[in-house]
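Notes follow the structure.
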Protein chains: 2
Amino acid sequence: MGVANELDIYIAIKDAIIQQKLRPSMQLVEEVIAESFGVSRTPVRNVLRKLAGEKLVTVIPYKGTFVACPTVEEAKEVFEMRRVIEASGVKKVSGKLTRDQLSQLSELLDEEHSAHHNGDPLLAVRLSGNFHLKIAEFTGNNYYFRYLEELISLTYVIIALYGMSKHMHCSDHRRLMLLIEQGEAEQAERLMIEHLKEIEDTLQFEEKGTAPQTLSEVFRLANGHYASVKG
Amino acid sequence: MGVANELDIYIAIKDAIIQQKLRPSMQLVEEVIAESFGVSRTPVRNVLRKLAGEKLVTVIPYKGTFVACPTVEEAKEVFEMRRVIEASGVKKVSGKLTRDQLSQLSELLDEEHSAHHNGDPLLAVRLSGNFHLKIAEFTGNNYYFRYLEELISLTYVIIALYGMSKHMHCSDHRRLMLLIEQGEAEQAERLMIEHLKEIEDTLQFEEKGTAPQTLSEVFRLANGHYASVKG
DNA sequence: TAATCCAAGATTGGATACAATCCTAATCAA
DNA sequence: TTGATTAGGATTGTATCCAATCTTGGATTA
């Protein structure tokens with residue numbers, strides 16, 4: 001690839017984080033990224049600041065930019081806010097979707113289903129996220145989408161950190177879509193809340209309880225050979 | 001003032017927008033801001049991008065950065081999301097606040113009350129916003145605070161654009177605090193939703209219905225003598 | 001007159017050079 | 001050996017220069 005604009009770089013880094021190619025606490029050195037995209041550090045800095053605004057990375061002055069490493073408490077906050085926004089969102093769209101919108105949801109369900117059977121759990125998780133995002137999009141209110149996009153991106157990082165059981169309650173999505181289609185707003189709302197609680201419960205918070213609290217701690221433990229995009 | 005760091009600049013611009021010294025659609029020329037803060041354009045650019053991430057300003061490539069000018073639809077989206085987040089927030093804190101937290105809320109109410117009687121409606125609006133923010137803070141979940149801070153900042157811009165009746169339902173806040181104190185979660189939730197709907201209803205969306213849709217339109221109308229921080 | 005084209009000014013976008021800061025590791029002394 | 005000190009490298013932060021783009025206004029021409 002030759003040069004790239006800021007949007008390309010933004011998408012590339014965000015995708016790399018979501019696909020766990022960049023794992024939590026990894027350092028993102030500006031010059032390395034700049035060279036690999038054929039640009040100077042300036043646009044890279046802009047992108048990293050933008051990602052910092054979405055809490056996907058953490059900028060530590062004069063030290064560097066690191067992929068976010070949410071604590072257990074932060075992870076629980078993410079899921080709590082997801083329940084607030086998604087419960088309201090699914091209630092809002094219930095019984096209000098067009099045939100075309102419903103078929104878009106249905107298509108995402110099919111893709112998620114086949115990703116499961118093809119043994120690609122990471123892809124399945126991302127398609128699951130897209131299902132939730134689509135509902136937010138269909139509310140017609142941009143804030144449902146904007147905030148949920150941020151929260152779902154963080155959910156991917158949380159899953160990268162704290163793992164996830166294989167069984168992803170795929171059937172919940174199907175039932176959710178039926179309730180939306182039938183206009184059962186209250187039931188859809190309750191199911192969404194339950195669904196998100198179940199996802200949160202499948203995370204193994206205690207297992208990696210010794211997960212790094214601070215970033216400096218990480219790199220001290222690794223004795224200088226810390227994880228980096230250079231490696 | 002001599003030099004300034006990014007945080008100073010960020011706070012100064014944000015305050016200027018909130019206090020309506022910088023009105024919607026005004027252009028923020030990087031070099032002008034840089035000179036007035038004694039720095040180069042670089043940190044100013046960073047701040048403007050950060051504000052753009054919060055939707056307080058709009059960056060148009062190769063044209064400039066302008067104070068946000070929300071449309072009626074966008075304004076209604078802001079209030080809808082405020083209802084979602086604040087209804088959940090006030091329900092969450094009801095009956096859970098310490099004596100100290102309640103007195104913090106009470107103090108804000110007193111300040112708001114005196115700002116009203118001192119004929120400073122702008123200050124009263126800001127103190128009202130702080131009251132709502134404090135509740136979000138007391139949820140203990142950072143996302144309530146982060147998202148609401150963004151939405152309330154935008155509310156100030158919306159009020160600057162679409163005006164507001166003098167009578168601000170100051171008594172709602174008092175009743176809200178009582179319900180929180182007494183642990184009447186459901187009643188507090190309902191009152192918060194009603195309160196926010198009333199605020200939205202006092203906005204005069206139709207009057208300034210000829211409000212500028214696009215920024216370029218604004219400056220065409222003014223025939224070159226457009227509003228600017230230079231002026 | 002009216003429309004088109006071009007040039008100049010203003011502003012932002014990006015690349016580069018340098019300053020500030022942090023971390024590491026070697027050196028030295030107790 | 002252990003601790004403090006310091007020099008070097010690595011990385012980010014800032015300033016400055018130039019390029020890209022947009023807008024305006026005047027000149028030119030039909």
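Chain letters run A, B, ... following the sequence lines, proteins first and then strands; every chain starts at 1. Keep in mind that the numbers below use all heavy atoms, side chains included, and drop hydrogens, waters and symmetry copies.
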Item checked: Salt bridge flag under 4.0 Å for residues R41(B) and E31(B) -> no

Item checked: L28(B) CG - dA10(C) C1' separation (whole Å) -> 16 Å

Notebook entry, point to check: In terms of side-chain geometry, is the basic nitrogen of K76(A) or E73(A) positioned less than 4.0 Å from the acidic oxygen of its partner?
Noted result: no

Item checked: Among dT11(D), dT14(D), dT21(D), the one nearest V29(A) by side-chain distance -> dT11(D)

Checklist line | Donor-acceptor pair present, R41(B) side chain and dG13(C) base, under 3.5 Å | finding: yes

Note to self: Is there a side-chain contact between K63(A) and the phosphate of dT11(D), meaning an N or O under 4.0 Å from OP1 or OP2?
What the structure shows: no

Notebook entry, point to check: E35(A) CD to dT12(D) P: how many Å, rounded?
Noted result: 12 Å

Notebook entry, point to check: What nucleotide among dT14(D), dG13(D), dG13(C) has an atom nearest to a side-chain atom of E30(B)?
Noted result: dG13(C)

Next item on the list: Could you tell me the separation between the CZ atom of F66(B) and the C1' atom of dT23(D), rounded to a whole number of Å?
Entry: 11 Å

Item checked: Atom pair distance, as rounded to whole Å: CG in N46(B) and C1' in dG13(C) -> 13 Å

Next item on the list: Measure from the side chain of R45(B), starting at C-beta and using heavy atoms only, and say which of dA15(C), dT14(D), dG13(C) lies closest.
Entry: dG13(C)

Next item on the list: Nearest whole angstrom, please: distance from the C1' of dA15(C) to the CD1 of I9(A).
Entry: 13 Å

Next item on the list: Would you mind telling me which residue lines up with the more 5' stretch of DNA chain C, P61(A) or V39(A), judged by nearest nucleotide?
Entry: V39(A)

Checklist line | R82(A) bridged to E77(A) by N-O distance under 4.0 Å | finding: no

Next item on the list: May I have the distance from L48(B) (atom CG) to dT11(C) (atom C1'), rounded to whole angstrom?
Entry: 13 Å

Margin query: So, does S40(A) get its side chain near the phosphate of dA15(C), meaning an N or O under 4.0 Å from OP1 or OP2?
Written below: yes

Next item on the list: Using the six-membered ring wherever Trp is involved, compare the ring planes of F131(B) and H173(B) and label them parallel, tilted or perpendicular (cut-offs 30° and 60°).
Entry: parallel

Item checked: Value in whole Å for how far the C1' atom of dC22(C) lies from CD of Q27(A) -> 11 Å

Checklist line | R49(A) side-chain N/O to dG13(D) phosphate OP1/OP2 under 4.0 Å | finding: yes

Check: Does D120(A) reach the main-chain N or O of A115(A) with its side chain, forming a donor-acceptor pair under 3.5 Å?
Finding: no

Notebook entry, point to check: How long is the line joining CD of E6(B) and C1' of dA15(D), in whole Å?
Noted result: 13 Å

